[in-house]
S.K.: 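Quick one: the structure is below, and I'll ask about it shortly.
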Amino acid sequence: MAAKKHTGIDPEQRELIENAQRRIRQKKALMRHFVVFLAGAVLFIVLNVIFNIGEGIRFFNLDWYVWAILLWLFFLLIHFINVFIMNKFMGKAWEENQLEKLVAKQQKRINQLEKEVEKEIKSQQAITNDPEIAIEEKDKDISSENI
């Protein structure tokens, strides 16, 4: 079997590297989206103006390609906001904070359930350790043996 190679990167460094790689992929995808948007916008204009495709289609006194470009621009803007603005508010630190809150909430519930179980066990032990109940139990056992 092949032995595992030790990379020499501690877990914190690895996490920082993975986070940086994720951000690079996000920004790269946004740039790709922007380039495709520009090419698509030019294509829409060429299709309408030069090839007269959809020439008579107008909405609110604007040609169809203007609406298509505006709609696409809206989606590009949402993508931009997601990469550059929302990531600051809901980035890695936010995820870790939410994870800590959920773990703390679950631990609190577990502790509460453990206390309830302990209380139930103590009450059961108190009932079985009650001398009067123990005598009644013996009497039942003796009477059942006589039958």
Side-chain angles (χ1 to χ4, degrees), residues 1-138 140-141:
M1 281 193 181
K4 290 184 179 179
K5 292 183 180 179
H6 182 65
T7 59
I9 299 175
D10 67 19
E12 287 182 23
Q13 287 176 330
R14 180 172 302 281
E15 187 175 338
L16 289 173
I17 290 169
E18 289 172 358
N19 190 36
Q21 289 173 338
R22 184 180 58 84
R23 289 291 295 150
I24 289 169
R25 283 191 302 271
Q26 285 179 338
K27 290 177 181 180
K28 189 175 180 181
L30 178 64
M31 291 305 294
R32 207 177 284 130
H33 188 175
F34 178 69
V35 169
V36 171
F37 165 75
L38 289 178
V42 169
L43 178 67
F44 288 161
I45 293 169
V46 167
L47 287 175
N48 187 270
V49 174
I50 295 177
F51 295 110
N52 296 325
I53 295 176
E55 185 178 357
I57 302 172
R58 298 176 65 86
F59 302 105
F60 299 106
N61 210 21
L62 290 173
D63 288 322
W64 68 270
Y65 70 92
V66 175
W67 287 107
I69 292 170
L70 288 174
L71 182 65
W72 198 346
L73 180 64
F74 174 73
F75 289 121
L76 181 65
L77 183 63
I78 290 173
H79 192 170
F80 177 84
I81 290 170
N82 185 34
V83 171
F84 287 106
I85 297 173
M86 293 303 289
N87 191 60
K88 290 182 181 177
F89 296 118
M90 296 180 160
K92 192 70 175 169
W94 180 83
E95 288 177 12
E96 290 173 2
N97 187 22
Q98 292 301 309
L99 181 63
E100 288 174 12
K101 284 181 181 179
L102 288 173
V103 168
K105 188 176 182 180
Q106 289 174 345
Q107 189 60 46
K108 182 180 177 183
R109 180 67 179 143
I110 289 169
N111 292 341
Q112 182 182 9
L113 289 172
E114 285 175 347
K115 287 178 183 177
E116 289 175 10
V117 168
E118 288 175 10
K119 184 178 178 182
E120 184 69 27
I121 290 171
K122 286 179 183 178
S123 67
Q124 289 296 325
Q125 287 174 347
I127 290 172
T128 58
N129 290 339
D130 190 4
E132 292 178 13
I133 294 174
I135 292 170
E136 289 175 9
E137 294 287 329
K138 274 188 181 180
K140 286 181 184 176
D141 290 340

S.K.: For residues 70-81, which side-chain donor-acceptor pairs fall under 3.5 Å, sequence neighbours excluded?
M.R.:
from  : atom 1 : to    : atom 2 : distance (Å)
Trp72 : NE1    : His33 : NE2    : 3.3
His79 : ND1    : His33 : ND1    : 2.9

S.K.: Flag yes if more than 12 heavy atoms outside Glu114 fall under 6.0 Å of its CD atom; otherwise flag no.
M.R.: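 Atom CD in Glu114 is crowded, with more than 12 foreign heavy atoms closer than 6.0 Å.
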S.K.: Mind checking what makes side-chain hydrogen bond (donor to acceptor under 3.5 Å, both in side chains) contact with Gln124, not counting sequence neighbours?
M.R.: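 Counting only residues at least two positions away or on another chain, Gln124 forms a side-chain hydrogen bond (donor to acceptor under 3.5 Å, both in side chains) with Glu120.
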S.K.: Nearest 0.5 Å please: distance from the CZ atom of Phe37 over to the CZ atom of Phe44.
M.R.: 9.5 Å
S.K.: For Glu96, which residues count as a side-chain contact (heavy atoms from CB on, under 4.5 Å) partner, sequence neighbours excluded?
M.R.: Glu15, Lys92
S.K.: Measure the shortest side-chain to side-chain distance between Phe84 and Leu30 over non-hydrogen atoms and say whether it is less than 4.5 angstrom.
M.R.: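 Phe84 vs Leu30: side chains touch.
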S.K.: Only counting residues at least two apart or in another chain, list the ones meeting side-chain contact (heavy atoms from CB on, under 4.5 Å) with Ile45.
M.R.: Val49, Tyr65, Ile69
S.K.: Mind listing the side-chain donor-acceptor pairs of residues 101-109 below 3.5 Å, one per line with the distance, residues two or more places apart or on another chain?
M.R.:
from   : atom 1 : to     : atom 2 : distance (Å)
Gln107 : NE2    : Asn111 : OD1    : 3.1
Arg109 : NH1    : Gln112 : OE1    : 3.2

S.K.: Residues two or more places apart in sequence or in another chain: which of them pass side-chain hydrogen bond (donor to acceptor under 3.5 Å, both in side chains) with Glu18?
M.R.: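 side-chain hydrogen bond (donor to acceptor under 3.5 Å, both in side chains) list for Glu18, sorted by chain: empty.
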S.K.: Please find the pair of heavy atoms, one from Gln26 and one from Val83, that lie closest to each other, and give the distance.
M.R.: O-CG2, 4.0 Å
S.K.: Are any side-chain N or O atoms of Arg22 and backbone N or O atoms of Ile17, one a donor and one an acceptor, separated by less than 3.5 Å?
M.R.: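 Such a contact is absent between Arg22 side chain and Ile17 backbone.
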S.K.: If the condition is side-chain hydrogen bond (donor to acceptor under 3.5 Å, both in side chains), which residues does Asn82 pass it with, not counting sequence neighbours?
M.R.: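 Scan of Asn82 (side-chain hydrogen bond (donor to acceptor under 3.5 Å, both in side chains), adjacent residues dropped) gives none.
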S.K.: Got a sec, which residues hit side-chain contact (heavy atoms from CB on, under 4.5 Å) with Arg32, two or more places apart in sequence or on another chain?
M.R.: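 side-chain contact (heavy atoms from CB on, under 4.5 Å) check on Arg32 returns Lys28.
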